Undergrad: 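Mind having a look at this structure? Questions to follow.
Not measured: the values here are computed from a predicted model. To find a chain, count down the sequence lines: A is the first, B the second, and so on, and within it residues start at 1.
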Number of protein chains: 2
Amino acid sequence: MAHHELDELDEKILRMIVDNARIPFLEVARACGVSGAAIHQRVQKLTGLGVVKGSEFLLDAEKIGYETCAYVGIFLTSPSTFEYVVKELEKIPEVVECYYTTGQYDVLIKVFAKNNKDLLRIIHTELQPLGLSRTETLICFKEGFRKKLPIQFIEKEA
Amino acid sequence: MAHHELDELDEKILRMIVDNARIPFLEVARACGVSGAAIHQRVQKLTGLGVVKGSEFLLDAEKIGYETCAYVGIFLTSPSTFEYVVKELEKIPEVVECYYTTGQYDVLIKVFAKNNKDLLRIIHTELQPLGLSRTETLICFKEGFRKKLPIQFIEKEA
DNA sequence: GCTGAAAGGAGTTTTCT
DNA sequence: AGAAAACTCCTTTCAGC
């Protein structure tokens, strides 16, 4: 039903490029049995559709000086401050992700800090002044794993 | 103090490639005033050091069929089940991140699902059977933002 | 929408400094 | 460590189907 504009070739291309942004498109082309130009056009189409949002190199946070990672659940004083708070959170370099959530918190953010002391500084001198009702900090002392979603949007007809 | 092996050139290279994995290294070379071979060697060095962990294309989760994103906080029945639970969580395709945390929960995971109903299925038929004490679900109904950490590990001497 | 070819660039290796 | 050069391979475009 969804994604009438995407076919098996798109799926195969995405699977090949998603974990290695620097793979030569010609290699993808050979694996898919089409020309390099076709891959080039498909990736452009996928980018135009917004399916592909860009590419990036993955860095090890610890190795660039960020030893502490935490999620901070935020309770706002009033729902009307949502937009303001998020706009201000975005300005804090150490806050790398921000979600509006249902459930426990109003907003959930992911924060990197140099160390635990630095995390405290961020919470006390960067977050609290935004006029939050309360925060709850979940320090990630170990990353269990991180992986990619399966790419499979083609309907398998029975 | 840290990262004696990294210098300003490494920093500049990382800043240039981190948000665009397909940038030509020759373009980086010209911007840095060095040869393409130098960039090639530096990126290899950074990869060897584990600073660079790979590259990836970013896909729009909604556009590949995952409309619901949630964090699930997990309470274990006993600390001794940590490793088993994480190993089993890793086998669930929709669970894309997993952290050992201090604070509210024992484990925090990030889950993508096709829709809210699918999320419930995952929680009930995939997570609960692992023998968890309890779970708390935070549905992300909107992503506020997502960005990269600042890259700056060179000590600025006063 | 794809192919194939052509032209211009880029990636990678080697050699030298 | 990096430069320069050489070689290989890739990207991008376009005519043609």
Undergrad: Would you call Glu88(A)-Lys91(A) a salt bridge at under 4.0 Å N-O?
TA: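 Salt bridge present between Glu88(A) and Lys91(A).
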
Undergrad: From the list dC2(C), dT12(D), dT12(C), which nucleotide is the closest neighbour of the side chain of His40(A)?
TA: dT12(D)

Undergrad: Give a yes/no verdict on a cation-pi contact between Arg22(B) and Phe25(A), requiring under 6.0 Å between NZ or CZ and the six-membered ring centre and an angle within 45° of the axis.
TA: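 Judged by the rule, Arg22(B) and Phe25(A) form a cation-pi pair.
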
Undergrad: Atom pairs, N/O to N/O, protein against nucleotides 4-10 of chain D, distance under 3.5 Å?
TA:
unit_1  : atom_1 : unit_2   : atom_2 : d
dC10(D) : OP1    : Arg30(A) : NH2    : 3.3

Undergrad: Over all heavy atoms of both residues, which pair between Glu5(B) and Asp10(B) is shortest? Give the atoms and the distance, please.
TA: O-OD2, 3.8 Å

Undergrad: Any donor and acceptor pair, going by atom type alone, linking the side chain of Lys12(B) with main-chain N or O of Ala31(B) inside 3.5 Å?
TA: yes

Undergrad: Any base atoms under 4.0 Å from Ile39(A), or only sugar-phosphate, or nothing? Heavy atoms, all strands.
TA: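 If one applies the 4.0 Å heavy-atom cut-off, Ile39(A) turns out to touch nothing in the nucleic acid.
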
Undergrad: Without decimals, in angstroms, what is the distance between Gln44(A) CD and dT12(D) C1'?
TA: 9 Å

Undergrad: Using 30° and 60° as the class boundaries, would you call the ring planes of Phe112(A) and Tyr66(A) parallel, tilted or perpendicular?
TA: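 Phe112(A) vs Tyr66(A) ring planes: perpendicular.
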
Undergrad: Among the candidates dG1(C), dA3(D), dA1(D), find the nucleotide nearest to the side-chain atoms of Ala38(B).
TA: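 From the listed options, dA3(D) comes nearest.
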
Undergrad: I need the CG-P distance between Asp7(B) and dA1(D), as an integer number of Å.
TA: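 Value for this atom pair: 9 Å.
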
Undergrad: Answer with yes or no whether the side chains of Lys110(B) and Tyr71(A) bring together a donor and an acceptor at under 3.5 Å.
TA: no

Undergrad: Rounded off to whole Å, could you give me the CZ-to-C1' distance for the Arg42(A) and dT3(C) pair?
TA: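 For the pair Arg42(A) CZ and dT3(C) C1', the rounded distance is 14 Å.
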
